A.B. asks: 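This is the structure, below, for whatever I ask next.
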Amino acid sequence: MPDSLVNRLATWYAGEKHRYEFRLERNPYRTWITEIFLQQTQIAAGKDKLKTFLKRFPDVKALAKGPVEDVLAAFQGMGYYSRARNMHRAAVEIVKKYKANVPVVYADLVKIPGIGHYTAAIVASIHGGEKILALDANHARVLSRLYTIGAAQGGQAFREAAVRAAAPLFETKMPAGDVNEALMQWGQTICKKKPLCDKCFAADFCAAFAAGRQADFPRKAERAEALEILWLMLVHRKGNKYQVFANTGKFPFLAGELMFPSYTVLPETRSKKAAAETLMLPEKIPAALIRKSLAKAQNLPADFRHTITRYKIAVKMMFTDTSQPGGKFLTPAELKDKCHSSLMQKAIRRLDKLEF
DNA sequence: AAGGCGGGGCT
DNA sequence: AGCCCAGCCTT
């Protein structure tokens, strides 16, 4: 076997391939669920919950049957709960449209809720043999260093350069799925943020290593500055139940979640040139109530803090005698079940500490 | 193209 | 205790 990058990769991967339990018994359904689970999640953190999930929902029909509350419950603690909602929606769609067979064609996969370029590419390459780069952060680290790709990660120029750089790997005998998985595992175990170049089987192929510039790749786009905001929650209690509303309006965070009526002021940002914008939930919290509560809240320490992307949020909870039309009344136990966001979970834990 | 979504690892 | 991570979605 002549010495080449792909031969080094294939030889290394042959010894690594079965390192993970989820690679032993494979089908398109299991691969799809596994990839969704392990997105934005370290393998060590997600694999136990993944195992339980696959036992509870062993195939696409079981997942479609749900109910979605069970899917969410089995996903509790993983974060990014739209992944669970989308998986359930997708399962229903796959049962109906594809007779309960998870597609293995990229063009079909990428149209399914919750499946984007990466997941479609990895499933299509493993189970359909499609020669298509599944570009995740691991692939980005490996390829950008091997070929000193200078474009900022995440942009279109980076994607094009990465696809061009990886193309020769797919024109070999190495199965397309193995190419994608080997690159990924390389990024996870060797070509990490702090790369282990002395353990790397291909350091002599690496342009960044040759230049001593491993730390310069992948280049990151400039980060938006962090912003401090106040989030006022108006809590109305009746007996042992609290009024919550589905956030289906214009409130900027936690779309679709059940929430206490909330009010926040977003500061002016570079992208939104308009002056500070006021948003509220439900549609019409009386302005007088907001003013009164806000004036009181300004002088109180935050009940808790929470960060969502670049917003550093100080949440202040205020009891109010005024109930709003609509919504529903739930006990704390029910709230713990039905509110998935960690921000709301923090608020729920504070309820018995609040005073009227 | 920009920005929400969140728990965990790292410093 | 605070910063960083990064697919998929919506806007």
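Predicted model only: the values in this text are computed from it and were never measured. Residue numbering restarts at 1 for every chain, and letters A, B, ... go by the order of the sequence lines. Side chains included, hydrogens not; waters and symmetry mates left out as well; all remaining heavy atoms used.
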A.B. asks: Under 3.5 Å between N/O atoms: give me all the protein pairs with nucleotides 9-11 of chain B, atom names plus distance.
C.D. replies:
residue: B:dT11; atom: OP1; partner: A:K194; partner atom: NZ; Å: 3.4

A.B. asks: Check every strand shown and say whether A:K220 touches a base, only sugar-phosphate, or nothing at a heavy-atom separation below 4.0 Å.
C.D. replies: sugar-phosphate
A.B. asks: Please give, in whole Å, the distance from B:dG8 C1' to A:K49 NZ?
C.D. replies: 13 Å
A.B. asks: Compare the minimum distances between each of B:dG4, B:dG6, B:dA1 and the side chain of A:Q156, then state the nucleotide with the smallest one.
C.D. replies: B:dA1
A.B. asks: Can you list the stems that include DNA chain C, where a stem is three or more consecutive Watson-Crick or G-U pairs with distances under 3.5 Å?
C.D. replies: B:1-5 with C:7-11, B:7-11 with C:1-5
A.B. asks: Rounding to the closest angstrom, what is the interatomic distance between B:dG9 and C:dC8 at atom P?
C.D. replies: 22 Å
A.B. asks: Quick check on B:dG6: is either OP1 or OP2 less than 4.0 Å from any side-chain nitrogen or oxygen of A:Y81?
C.D. replies: no
A.B. asks: For A:G155 and A:Y80, find the nucleotide of DNA chain B closest to each by heavy atoms; which residue's nucleotide sits nearer the 5' end?
C.D. replies: A:G155
A.B. asks: For B:dG8 versus C:dC9, give the span between their P atoms, rounded off to a whole number of Å.
C.D. replies: 23 Å
A.B. asks: Among residues 106-126 of chain A, which residues get a heavy atom nearer than 4.0 Å to DNA chain C?
C.D. replies: A:I112, A:P113, A:G114, A:I115, A:G116, A:H117, A:Y118, A:T119
A.B. asks: Judged by atom type as modelled, is there a donor-acceptor pair below 3.5 Å linking the side chain of A:N247 to the main-chain atoms of A:F253?
C.D. replies: yes
A.B. asks: Rounded off to whole Å, could you give me the NE2-to-C1' distance for the A:H306 and B:dG8 pair?
C.D. replies: 14 Å
A.B. asks: Taking atom C1' in both B:dG7 and C:dT10, what distance in whole Å separates the two?
C.D. replies: 22 Å
A.B. asks: Count I, L, V, M, F, W, Y as connected when their side-chain heavy atoms are under 4.5 Å apart, and connections chain through other members. Are A:V179 and A:I122 then in the same cluster?
C.D. replies: no
A.B. asks: Would you please classify the geometry between the A:F201 ring and the A:W186 ring as parallel, tilted or perpendicular, with 30° and 60° separating the classes?
C.D. replies: tilted
A.B. asks: Considering every strand and a 4.0 Å limit on heavy-atom distances, what is the contact class for A:G77: base, sugar-phosphate, or nothing?
C.D. replies: sugar-phosphate
A.B. asks: Please test A:H127 against A:R26 for side chain to side chain donor-acceptor pair (under 3.5 Å), starting from the C-alpha separation and ending with a verdict.
C.D. replies: CA-CA 9 Å; A:H127 296 285; A:R26 315 192 86 173; 5.2 Å; no
A.B. asks: Check for me whether the distance between the ring centres of A:Y311 and A:H306 falls short of 6.0 Å.
C.D. replies: no
A.B. asks: Taking A:V163 as the starting point, is it possible to reach A:V123 by hopping between hydrophobic residues whose side chains are less than 4.5 Å apart?
C.D. replies: no
A.B. asks: Side-chain donor-acceptor pair under 3.5 Å between A:N138 and A:R141, yes or no?
C.D. replies: yes
A.B. asks: Do we get A:K346 above A:F304's six-membered ring, with its NZ or CZ under 6.0 Å from the centre and within 45° of the axis?
C.D. replies: no
A.B. asks: Go through DNA chain C in 5' to 3' direction and return only the first and the last nucleotide with some atom under 4.0 Å of chain A's heavy atoms.
C.D. replies: C:dC3 to C:dC9
A.B. asks: By a strict heavy-atom criterion of less than 4.0 Å, which residues belonging to residues 129-142 of chain A are in contact with DNA chain C?
C.D. replies: A:D136, A:A137, A:R141
A.B. asks: Name all pairs fulfilling the side chain to side chain donor-acceptor pair (under 3.5 Å) condition that reach into residues 198-210 of chain A, sequence neighbours left out, sorted by first residue then second.
C.D. replies: A:R8-A:D204
A.B. asks: Describe the nucleic acid contact of A:K312 in one word from base, sugar-phosphate, nothing, applying a heavy-atom distance below 4.0 Å.
C.D. replies: sugar-phosphate
A.B. asks: Any sub-3.5 Å donor-acceptor pair from A:H88's side-chain atoms to A:A64's backbone N or O?
C.D. replies: yes
A.B. asks: Indicate yes or no for a side-chain donor-acceptor contact from A:Q345 to the backbone of A:C339 under 3.5 Å, with no hydrogens or angles considered.
C.D. replies: yes
A.B. asks: Are any side-chain N or O atoms of A:T172 and backbone N or O atoms of A:L169, one a donor and one an acceptor, separated by less than 3.5 Å?
C.D. replies: yes
A.B. asks: When you measure from the side chain of A:Q185 to the backbone of A:A182, do you find a donor-acceptor pair of N or O atoms at a distance under 3.5 Å?
C.D. replies: no
